[in-house]
Amino acid sequence: MSSALTLARPYARAAFELARSRSALGEWAGKLAFAAQVAADPRVAVLFGDPRVAQADLAALVTPADEPADSPFSVFVRLLADNRRLPVLPEIAALFEELKNEAERTLKVNVRAATPLGSEEAARLKEALKRRFGRDIQIEQSIDPEMLGGAVIDAGDVVIDGSVRGRLARLGQALAQ
């Protein structure tokens, strides 16, 4: 995994700089997400090592259908194909998204809870996290039926465990000391 990230990093930076120079970060993020999703598909992944499949065909496969052949994105994907870097498209897309979020001062937060957050709860949580981190917040929710209650908030390097199970574990540790 780390070697894939090492290979992907310069391409992600180059894509970011190119997209930023054209004021098209959001557009490129969407196209890279599409390309990464196609590249991650096991049926496509086996084609990357197949010598019978031309690199140009692989590039066309991961490029959105409505993308002009002479667009900067198409040229970028062909460059990846020529250098046999299409398999690292998922890592390139993830690194690009990190660079985009950093440039836009946005933090993507995953909230894992037993039940979905209501819109009022989500708004309060978003505002509290915005104050804490000083950034705009994008909340992604995931439901974990294994949780008893509460929520676990994953904000990149910071994880806030507000779950019932986490609180009980901390209470148990406090009582044991």
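Residue indices begin at 1 and follow the sequence shown.
Cluster membership for Val62 and Leu79, using ILVMFWY side-chain heavy atoms within less than 4.5 angstrom, is shared. Hydrophobic cluster membership differs between Leu86 and Val75, with clusters built from Ile, Leu, Val, Met, Phe, Trp and Tyr side chains linked at under 4.5 angstrom. Under the 4.5 Å side-chain contact rule for hydrophobic residues, Val159 and Met147 share a cluster. Val77 and Val53 fall within a single hydrophobic cluster, where Ile, Leu, Val, Met, Phe, Trp and Tyr are joined by side-chain heavy atoms under 4.5 Å apart, directly or via other members.
Remark: Leu125 CG to Ile139 CD1 distance equals 4.5 Å, nearest 0.5 Å. Atoms CZ and CD, from Arg9 and Glu91 in turn, are 10.5 Å apart once rounded to the nearest 0.5 Å. Note that the CG atom of Leu47 and the CZ atom of Arg52 stand 9.0 Å from one another [nearest 0.5 Å]. From Ser71, atom OG reaches atom NZ of Lys31 across 5.5 Å, with rounding to the nearest 0.5 Å.
Counting heavy atoms from C-beta outward, Arg84 and Gln55 have side chains that approach closer than 4.5 Å. Here the side chains of Ile92 and Leu80 are in contact, with some heavy-atom distance below 4.5 Å. Counting only heavy atoms from C-beta outward, the side chains of Leu32 and Phe16 never approach each other to under 4.5 Å. Side-chain contact between Val158 and Arg132 is present, with heavy atoms from C-beta onward closer than 4.5 Å. Side-chain contact between Leu18 and Phe73 is absent, with no heavy-atom pair separated by less than 4.5 Å.
The one candidate from Leu89, Asn83, Leu95 that meets the side-chain contact (heavy atoms from CB on, under 4.5 Å) condition with Tyr11 is Asn83.
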Between Glu17 and Arg13, is the salt bridge (charged side-chain N to carboxylate O under 4.0 Å, His left out) condition met? List the steps.
CA-CA 6 Å; Glu17 292 301 328; Arg13 285 188 186 129; over 6 Å; no
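In plain terms, the two heavy atoms of Ala45 and Ala39 that are nearest each other are CB-O, 4.0 Å. Taking both residues in full, the closest heavy atoms of Ala19 and Trp28 are given as CB-CG, 3.5 Å, listed atom of the first, atom of the second, then distance. In plain terms, the two heavy atoms of Ala33 and Ala93 that are nearest each other are N-CB, 4.4 Å. When every heavy atom of Ile137 is checked against every heavy atom of Lys126, the shortest pair comes out as O-CE, 2.8 Å. Here the closest non-hydrogen pair linking Ser163 and Val152 is CB-CG2, 4.0 Å. Listed here is the closest heavy atom pair of Arg78 and Ala69: NH1-O, 2.8 Å.
In terms of the salt bridge (charged side-chain N to carboxylate O under 4.0 Å, His left out) criterion, Glu98 has no residue partners (sequence neighbours excluded). With sequence neighbours excluded, no residue forms a salt bridge (charged side-chain N to carboxylate O under 4.0 Å, His left out) with Asp161.
Of the possible polar contacts, one joining the Glu121 side chain to the Gly118 backbone as a donor-acceptor pair under 3.5 Å is found. A donor-acceptor pair under 3.5 Å links the side-chain atoms of Arg167 to the main chain of Gly162, judged by distance alone.
Between Glu120 and Arg124 there is a salt bridge, since a side-chain N of the basic residue sits under 4.0 Å from a carboxylate O of the acidic one. Between Asp136 and Arg105 no salt bridge is recorded (no basic side-chain N to carboxylate O distance below 4.0 Å).
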Listed pairs under 3.5 Å, donor-acceptor, residues 106-117 side chains, sequence neighbours left out:
unit_1: Thr106; atom_1: OG1; unit_2: Glu104; atom_2: O; d: 3.3
unit_1: Asn110; atom_1: OD1; unit_2: Ser142; atom_2: OG; d: 3.4
unit_1: Arg112; atom_1: NH1; unit_2: Asp144; atom_2: OD2; d: 2.8

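Within 6.0 Å of CD on Glu127 lie more than 12 heavy atoms contributed by other residues, nucleotides or ligands.
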